[in-house]
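Keep in mind it's a predicted model, so treat the numbers as computed, not measured. Position 1 is the first residue of the sequence; numbering continues from there. Counting convention: from 1, in listed order, for ligands and their atoms alike.
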Amino acid sequence: MEKRTVVIVGATGSIGLQTLDVLSKLTFFKLIGITYHSNEELAMRIAKEYKIENIVCTMNGLQKLFELFERLRPDITVVCVPGFVSLPITLKAIECCKRVLLASKEALVCGGWLVRSWVRKFNVELLPVDSEHNALFQIIEKDVEKVLITSSGGALRDWKLEDLEKATVKDVLNHPVWKMGKRITVDSATMVNKAFEVLEACELFSLQSDQVEVLIHRQGIVHAAVFLKDGTVKMHVGYPDMRIPIAFALTYPHRYYSNPTWPDLISTPLSFGPVDQRRYPCFHIVYEISKDYAKRTAYNAADEVAVNAFLNGRIKFTDICKVIIKVVEKTTGTCRDLKDLEEIDQRSRILAEEVIKCL
Ligand SMILES: NC(=O)c1ccc[n+]([C@@H]2O[C@H](COP(=O)([O-])OP(=O)(O)OC[C@H]3O[C@@H](n4cnc5c(N)ncnc54)[C@H](OP(=O)(O)O)[C@@H]3O)[C@@H](O)[C@H]2O)c1
């Protein structure tokens with residue numbers, strides 16, 4: 001059997017490294033290219049270990065990556081870079097590959113309709129890597145009434161509300177369930193990540209936002225559920241280990257990845273609870289802006305800027321949501337194509353910086 005060729009965009013990150021780990025355990029794939037942004041040392045180590053000749057640094061733009069896609073035309077591309085930049089990367093990957101594994105939810109948050117129309121135009125498989133969406137992909141049926149995606153609640157889920165503004169970067173990066181990149185870990189504490197995932201679910205499974213319920217589930221082993229009209233609820237359960245959804249998306253429709261460790265259901269009683277609006281003030285607004293791509297793009301841009309400002313010690317944890325709410329409130333615009341979105345993204349970043357200065 002001929003091996004399927006793979007390119008990883010963002011190989012030096014958390015998902016990128018876990019994809020490498022999965023690939024090292026599967027025999028049907030040949031990694032032919034990787035990208036990195038700033039971590040050259042790690043990229044070179046990966047290239048040496050996996051004997052990869054095609055290595056692209058994205059620090060100076062995406063042109064070299066696009067040339068790589070055109071030249072290699074891989075069977076599979078894994079897109080796992082954070083932020084708006086994942087949108088143009090995903091669109092180009094769809095043009096040039098047969099299957100795109102999408103970890104970068106921001107591409108769907110900002111340009112979901114574009115991604116969907118590219119998938120149709122180029123007749124490509126788009127498979128979600130995000131654990132909740134990968135789970136939904138596995139259990140969804142045609143006529144679902146609603147779906148559930150779960151959230152751990154992030155690192156500060158048990159903090160007193162009045163203490164949240166004192167949270168340090170170290171506190172926020174101490175995620176109770178997952179080990180991930182910095183931005184998504186901060187986004188988990190604010191539940192911006194879960195807001196993104198509501199939109200991601202709408203785009204991937206043609207749902208309205210009010211069909212996507214989110215509950216806090218502390219044990220982290222139920223990733224998603226679907227509610228069917230005959231009263232059936234199908235849940236997807238498994239250890240929180242991103243290598244499982246990555247492997248499933250790589251090998252779909254087969255399950256070639258062997259990892260026989262299942263949650264112990266006797267010692268893990270399951271609990272579910274509602275999302276507290278006071279603890280996560282910018283989660284619920286996603287339901288109001290779900291049909292407005294300009295505000296969605298602003299939401300992502302403001303979050304990107306605010307999270308960086310928090311990580312660099314410029315603002316408090318609780319300021320992140322203040323910045324997002326202000327920027328989303330002030331952003332309007334028409335979204336016809338990628339150029340429109342890029343313009344809104346840039347404008348929202350400038351606005352977010354202005355809001356930060358006035359805090
Ligand atoms: N981590 C998870 O468990 C998880 C789960 C579900 C979904 N996701 C999603 O997957 C994406 C990646 O998350 P992650 O946790 O893997 O992030 P991460 O650990 O921060 O890694 C990000 C990767 O993207 C590269 N990168 C950073 N900025 C870039 C830019 N402007 N242009 C191109 N490449 C850039 C980084 O390169 P350098 O390191 O070389 O700078 C690195 O390879 C995010 O959209 C996240 O929401 C992650």
The atoms of ligand 1 lying under 4.0 Å from a heavy atom of Val85, numbered in the order shown, are 30 (C), 31 (N), 32 (N)

How close does the nearest protein non-hydrogen atom get to atom 12 (C) of ligand 1, and which residue and atom is it?
Cys80 O, 3.3 Å

Cation-pi, Phe227 ring and Lys146 (6.0 angstrom, 45 degrees):
yes

Side chain or backbone, does Asn39 bring an N or O within less than 3.5 Å of an N or O on ligand 1?
yes

Does a salt bridge link Glu125 with Lys98, judged by any charged N lying under 4.0 Å from a carboxylate O?
no

Would you check the N or O atoms of Tyr36, main chain and side chain alike, for any that come under 3.5 Å of an N or O of ligand 1?
no

Atom 43 (O) of ligand 1: which of Thr12, Ile46, Ile184 has the nearest heavy atom?
Thr12

Shortest protein heavy-atom distance from atom 34 (N) of ligand 1, along with the residue and atom involved
Val81 CG1, 3.3 Å

min-distance protein heavy atom vs atom 16 (O) of ligand 1 -> Ile15 N, 3.0 Å

For salt bridge (charged side-chain N to carboxylate O under 4.0 Å, His left out), just list the numbers for Asp187 and Arg183, CA-CA rounded to whole Å, side-chain angles, deciding distance to a tenth of an Å, and then say yes or no.
CA-CA 6 Å; Asp187 285 349; Arg183 178 171 179 208; 3.4 Å; yes

With a 4.0 Å cut-off on heavy atoms, is Pro82 touching ligand 1?
yes

Against heavy atoms of Ser38, which atoms of ligand 1 measure under 4.0 Å?
38 (P), 40 (O), 41 (O)

Starting from atom 47 (O) of ligand 1, which protein heavy atom do you reach first, and at what distance in Å?
Lys105 CE, 3.2 Å

N or O contact, Ser14 vs ligand 1, cut-off under 3.5 Å
yes

Should Asp158 and Arg218 count as an ion pair when the cut-off is N to O under 4.0 Å?
yes

Counting only heavy atoms, which portion of Met242 has something under 4.0 Å from ligand 1: side chain, backbone, both, or neither?
side chain

Should the pair Glu342-Lys339 be classified as a salt bridge under the 4.0 Å nitrogen-to-oxygen rule?
no

Using non-hydrogen atoms of the residue, decide whether Ser86 is closer than 4.0 angstrom to ligand 1.
no

Could you check atom 3 (O) of ligand 1 against the protein and tell me its nearest heavy-atom contact, residue, atom and distance included?
Met180 CG, 3.2 Å

So His254 and Tyr256, would you call those rings parallel, tilted or perpendicular, with 30° and 60° as cut-offs?
parallel

Assess whether a salt bridge exists between Glu203 and Arg296, defined as any Lys/Arg side-chain N lying under 4.0 Å from an Asp/Glu carboxylate O.
yes

Can you find an N/O atom of Gly13 closer than 3.5 Å to an N/O atom of ligand 1?
yes

Please name all residues satisfying ring pair (Phe, Tyr, Trp, His ring centres under 6.0 Å) with Tyr293, sequence neighbours left out, ordered by chain then number.
Trp113

Whether over 12 other heavy atoms sit under 6.0 Å from Lys330 NZ:
no

In the protein, what heavy atom is nearest to atom 9 (C) of ligand 1, and what distance, to one decimal place, separates them?
Ala103 O, 3.2 Å

Ligand 1 to Gly10 polar contact by distance, N or O atoms, under 3.5 Å
yes

Return yes or no for this condition: an N or O of His37 is under 3.5 Å from an N or O of ligand 1.
yes

Show me which atoms of ligand 1 lie under 4.0 Å from any heavy atom of Thr58.
32 (N), 33 (C), 34 (N)

Could you check if a side-chain atom of Val186 sits within less than 4.5 angstrom of a side-chain atom of Leu311, using non-hydrogen atoms only?
yes

Can you tell me which residue and heavy atom of the protein come closest to atom 45 (O) of ligand 1, and the distance to 0.1 Å?
Glu106 OE1, 2.7 Å

Check: Gly181 N/O within less than 3.5 Å of ligand 1 N/O:
yes

What is the ring orientation for Tyr252 with Phe137, classed by angle as parallel under 30°, tilted 30 to 60°, or perpendicular over 60°?
perpendicular

For ligand 1, indicate whether the residue Glu40 contacts it via side chain, backbone, both or neither (heavy-atom separation under 4.0 Å).
neither

Going by the angle between their ring planes, with limits at 30° and 60°, are Phe69 and Phe66 parallel, tilted or perpendicular?
parallel

For Tyr257 and Phe248, I'd like to know if the aromatic rings sit close, meaning centre-to-centre distance below 6.0 Å.
no

His37 meets the ring pair (Phe, Tyr, Trp, His ring centres under 6.0 Å) criterion, sequence neighbours left out, with none

Residue Asp130 vicinity, atoms of ligand 1 by number, heavy atom under 4.0 Å
5 (C), 6 (C), 7 (C)

